[in-house]
Each structure stands twice: as C-alpha cells, then as structure tokens.
Visitor: 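The structure under discussion is supplied below as structure tokens; questions concerning it will follow.
Everything quoted here is computed from the prediction, not taken from an experiment. This chain uses plain numbering: 1 for the first residue, then up along the sequence.
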Amino acid sequence: MKRSFLIPGITGTAVVIMSIFLLTVFPGKAGKLPEGFSTPVIAFEFIKNADEARELFNVPDPAKSRYIIDAMDRGNRLDFIYMVLYSSFLFLFSRKAFKVSRRKLLPAVMILSFIILTGDFLENIQLLAITSKLQNGDFSGEIKLLRIFTWQKWGGLAISCTLLAPYFIKGNLFSKAIAVCGISTGALGLAAFMHRSILNEIFSLFTGITFALITIYCLIYTTAENRRQD
C-alpha cells in the first residue's frame with residue numbers, strides 16, 4: 001500500500017530530530033525568568049521590556065552570563081534552519097492533505113506556513129539584535145518588533161493547528177486525538193496571547209506535541225486508511 005504522506009513524514013521526522021537537538025543547544029537555565037516561565041528560550045521570545053531581557057541573562061558569574069548569551073545566539077542561528085524545516089513540513093502536509101480530502105481550509109494552512117516562516121525569521125533578527133545590545137545598547141525598538149513577529153509566528157501556528165483539526169476529526173481514534181490536540185493548541189494560543197503566563201509554556205508544548213502526532217500520522221498513513229476514513 002502506497003504511503004501518501006511519506007515525504008511530509010520524512011520532513012516531520014527531521015523536525016522532531018532538530019527539535020531534540022536544539023534542546024541541547026539552547027541554555028537550559030538562565031537568570032531570572034518572567035513569572036510563569038521555566039524555559040529560557042520561550043521566556044526570551046515573550047519578554048515585554050528591557051529589564052526582563054537583562055534579568056534573563058544576569059547571573060552572578062560573568063563567564064556564566066556570557067555562556068548563556070552565546071548558547072542563546074547559537075540556538076537562534078540554528079533556528080534559521082529549523083524554521084525552514086517545520087514550515088516546510090506544515091506546507092507539505094497541508095498540500096498533501098488537500099489533495100487527499102479537498103477540504104477547503106487546508107490551502108489557508110499552506111499560506112500560513114509562509115507567514116509563520118517570515119515571522120520566525122524576523123523574530124530571530126530581533127532576538128540576535130537584543131543580545132548584541134544587552135551591555136550598552138538601547139533595544140526598546142527591537143522588543144516592540146519582537147512582540148509583533150513572535151505572535152506572527154506563534155499565532156500562525158495556533159491558527160494552523162486549529163484549521164487542521166477538521167481534517168483529522170472524522171478519522172480513527174488516533175486522528176481524533178490529533179484534532180483535539182490541535183484545537184487545544186489553538187485555544188491555548190489565544191489564552192496565552194490574552195494573558196502571558198505559564199500558558200505560554202503549555203501552548204508551546206502542545207504545539208510541539210501536535211506536530212509530533214501529525215508526523216506519526218504521516219508515517220503510518222496509507223491510501224487504504226484514507227478510503228476507510230472517507
């Protein structure tokens with residue numbers, strides 16, 4: 001039986017592998033994180049002002065502080081590769097799903113994949129600019145832009161996960177689980193946008209889980225299964 005989603009599945013697998021690798025690159029600990037955050041890289045993306053940025057990288061040992069900044073920069077530079085991978089996965093999956101099901105919402109996800117990629121690219125530019133100006137520069141402008149581009153990326157991901165849910169909802173139990181996870185991701189994204197808190201961490205986690213589940217779906221999907229779902 002031909003695997004219709006093999007190419008998206010391979011791309012998704014690369015996304016999962018890259019996600020795990022980036023966990024080893026980004027700093028696991030930092031200075032003072034905003035309330036509700038436990039992951040430095042997520043906290044950095046959602047900082048509100050210069051004081052929060054400086055507190056994030058401020059630790060008693062100057063060498064340790066430099067290490068945290070360098071690790072964050074390395075991760076964000078590698079993220080230029082990662083963003084291409086996961087946005088490609090989103091595009092390839094939604095395109096194949098549209099060919100299979102002709103569901104009208106799926107082309108919107110294809111468009112969103114480019115919007116998300118652009119947002120992530122511009123977000124990284126701001127993050128790298130902020131770390132370069134931490135010691136002596138004024139980066140208030142970068143922080144204002146960061147909020148826009150961060151939510152262009154994360155908001156696009158939340159909407160995409162929600163729009164993918166109707167494709168999965170009529171499938172088997174596993175497909176329904178993906179749909180529920182996608183809808184939950186969208187709801188968490190809205191809640192995190194309204195109130196920055198631990199919800200941002202949970203939202204990012206659910207986004208990763210949704211992508212991982214869709215990757216598994218791609219790897220086990222067959223044309224025969226599609227006929228059963230339709």
Side-chain angles (χ1 to χ4, degrees), residues 3-23 41-42 45 75-76 78-125 148-171 174-190 192-193 200 202-221 226 229:
R3 293 187 182 277
S4 300
F5 287 84
L6 183 58
I7 294 177
I10 293 172
T11 308
T13 302
V15 172
V16 172
I17 293 171
M18 187 73 173
S19 299
I20 296 170
F21 174 67
L22 284 174
L23 289 176
V41 61
I42 299 297
E45 291 183 10
N76 282 322
L78 286 170
D79 191 50
F80 286 106
I81 300 172
Y82 182 61
M83 68 179 69
V84 173
L85 282 175
Y86 78 74
S87 60
S88 296
F89 170 65
L90 192 60
F91 176 83
L92 291 169
F93 175 80
S94 55
R95 184 180 66 173
K96 176 58 74 172
F98 179 68
K99 289 181 179 179
V100 168
S101 68
R102 311 308 293 183
R103 294 191 180 276
K104 295 180 181 180
L105 293 176
L106 293 170
V109 181
M110 295 165 62
I111 295 171
L112 279 169
S113 68
F114 291 99
I115 294 173
I116 292 165
L117 175 62
T118 303
D120 202 349
F121 178 86
L122 295 173
E123 175 196 60
N124 274 14
I125 297 298
I148 295 171
F149 298 135
T150 293
W151 276 110
Q152 179 178 332
K153 177 187 78 172
W154 284 108
L157 287 167
I159 295 170
S160 295
C161 289
T162 304
L163 293 180
L164 287 172
Y167 170 80
F168 291 105
I169 199 67
K170 292 185 178 181
F174 180 63
S175 293
K176 285 180 170 60
I178 299 175
V180 171
C181 195
I183 293 170
S184 299
T185 300
L188 285 165
L190 178 60
F193 178 77
N200 296 68
I202 299 172
F203 165 47
S204 66
L205 176 62
F206 264 71
T207 303
I209 292 172
T210 301
F211 269 61
L213 291 176
I214 295 174
T215 298
I216 295 171
Y217 173 90
C218 290
L219 295 174
I220 65 176
Y221 180 97
N226 177 57
Q229 290 182 22

Visitor: Nearest 0.5 angstrom please: I116 CD1 to E123 CD, how far?
Guide: 12.0 Å

Visitor: Take L112 and I115 through the side chain to side chain contact (heavy atoms under 4.5 Å, CB included) test and state the conclusion after the steps.
Guide: CA-CA 5 Å; L112 279 169; I115 294 173; 4.2 Å; yes

Visitor: List the steps, then state whether side chain to side chain contact (heavy atoms under 4.5 Å, CB included) holds for M18 with L78.
Guide: CA-CA 9 Å; M18 187 73 173; L78 286 170; 4.3 Å; yes

Visitor: Which heavy atom of G189 sits nearest to which heavy atom of A158, and what is that distance?
Guide: CA-CB, 4.3 Å

Visitor: Of the options F80, W154, Y86, which is the one that meets D120 in a side chain to side chain contact (heavy atoms under 4.5 Å, CB included)?
Guide: Y86

Visitor: Flag the pair F121 / F149 as yes when their ring centroid distance falls below 6.0 Å, and as no otherwise.
Guide: no

Visitor: Supply the atom-to-atom distance I178 CD1 to T215 OG1, rounded to the nearest 0.5 angstrom.
Guide: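 I178 atom CD1 to T215 atom OG1 measures 9.0 Å (nearest 0.5 Å).
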
Visitor: For the CZ atom of F91 and the CD1 atom of I111, what is their distance to the nearest 0.5 Å?
Guide: 10.0 Å

Visitor: Between T185 and T210, is any side-chain donor less than 3.5 angstrom from a side-chain acceptor?
Guide: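 A donor-acceptor contact under 3.5 Å links the two side chains.
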
Visitor: Checking N76 side chain against N124 main chain: does a donor-acceptor pair fall under 3.5 Å?
Guide: no

Visitor: Fit a plane to each ring of F203 and W151, take the angle between them on a 0 to 90° scale, and name the class: parallel (under 30°), tilted (30 to 60°) or perpendicular (over 60°).
Guide: parallel

Visitor: Tell me whether the rings of Y167 and Y217 are parallel (<30°), tilted (30 to 60°) or perpendicular (>60°).
Guide: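 Ring orientation, 0 to 90° scale: perpendicular.
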
Visitor: Which label fits F211 and F89: parallel for a plane angle under 30°, tilted from 30 to 60°, or perpendicular past 60°?
Guide: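 Ring orientation of F211 relative to F89: tilted.
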
Visitor: Rounded to the nearest 0.5 Å, how far apart are CG of D79 and CD of E45?
Guide: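 With rounding to 0.5 Å, CG (D79) is 7.5 Å from CD (E45).
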
Visitor: How close do K96 and P8 get, heavy atom to heavy atom, and via which atoms?
Guide: CB-CG, 4.5 Å

Visitor: Hey, does the Lys NZ or Arg CZ of R102 hover above the aromatic six-ring of F98, less than 6.0 Å from the centre and inside 45° of the axis?
Guide: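 That pair qualifies as a cation-pi contact.
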
Visitor: Donor-acceptor pair, S113 side chain versus L90 backbone, under 3.5 Å?
Guide: no

Visitor: Provide the closest heavy-atom pair for A97 versus L106 in the form atom of the first, atom of the second, distance.
Guide: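 Minimum heavy-atom separation between A97 and L106: C-CD1, 3.5 Å.
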
Visitor: Quick one, M83 with K153, criterion side chain to side chain contact (heavy atoms under 4.5 Å, CB included). Give me CA distance, side-chain angles, the key distance, then yes/no.
Guide: CA-CA 10 Å; M83 68 179 69; K153 177 187 78 172; over 6 Å; no

Visitor: Name the one of T207, I209, L164 that satisfies side chain to side chain contact (heavy atoms under 4.5 Å, CB included) with C181?
Guide: I209

Visitor: If you round to the nearest 0.5 Å, how far is CD1 of I202 from CD1 of I42?
Guide: 12.5 Å

Visitor: Taking all non-hydrogen atoms of both residues into account, name the closest pair between S175 and G171 and its distance.
Guide: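 Closest pair (atom of S175, atom of G171, distance): CB-CA, 3.8 Å.
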
Visitor: At what distance, to the nearest 0.5 angstrom, does OG1 of T13 lie from CD1 of I216?
Guide: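 Reported value, rounded in 0.5 Å steps: 9.0 Å.
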
Visitor: Looking only at heavy atoms, which two atoms of G186 and T162 are closest? And how far apart?
Guide: CA-OG1, 3.2 Å

Visitor: Does some side-chain heavy atom of V15 sit less than 4.5 Å from a side-chain heavy atom of Y82?
Guide: yes

Visitor: Ignoring hydrogens, what is the shortest heavy-atom contact between S94 and M110? Give both atom names and the distance.
Guide: OG-CG, 3.0 Å

Visitor: Begin from the C-alpha positions of F168 and F93 and carry the test ring-ring contact (aromatic ring centres under 6.0 Å, His included) through to its verdict.
Guide: CA-CA 12 Å; F168 291 105; F93 175 80; 5.6 Å; yes

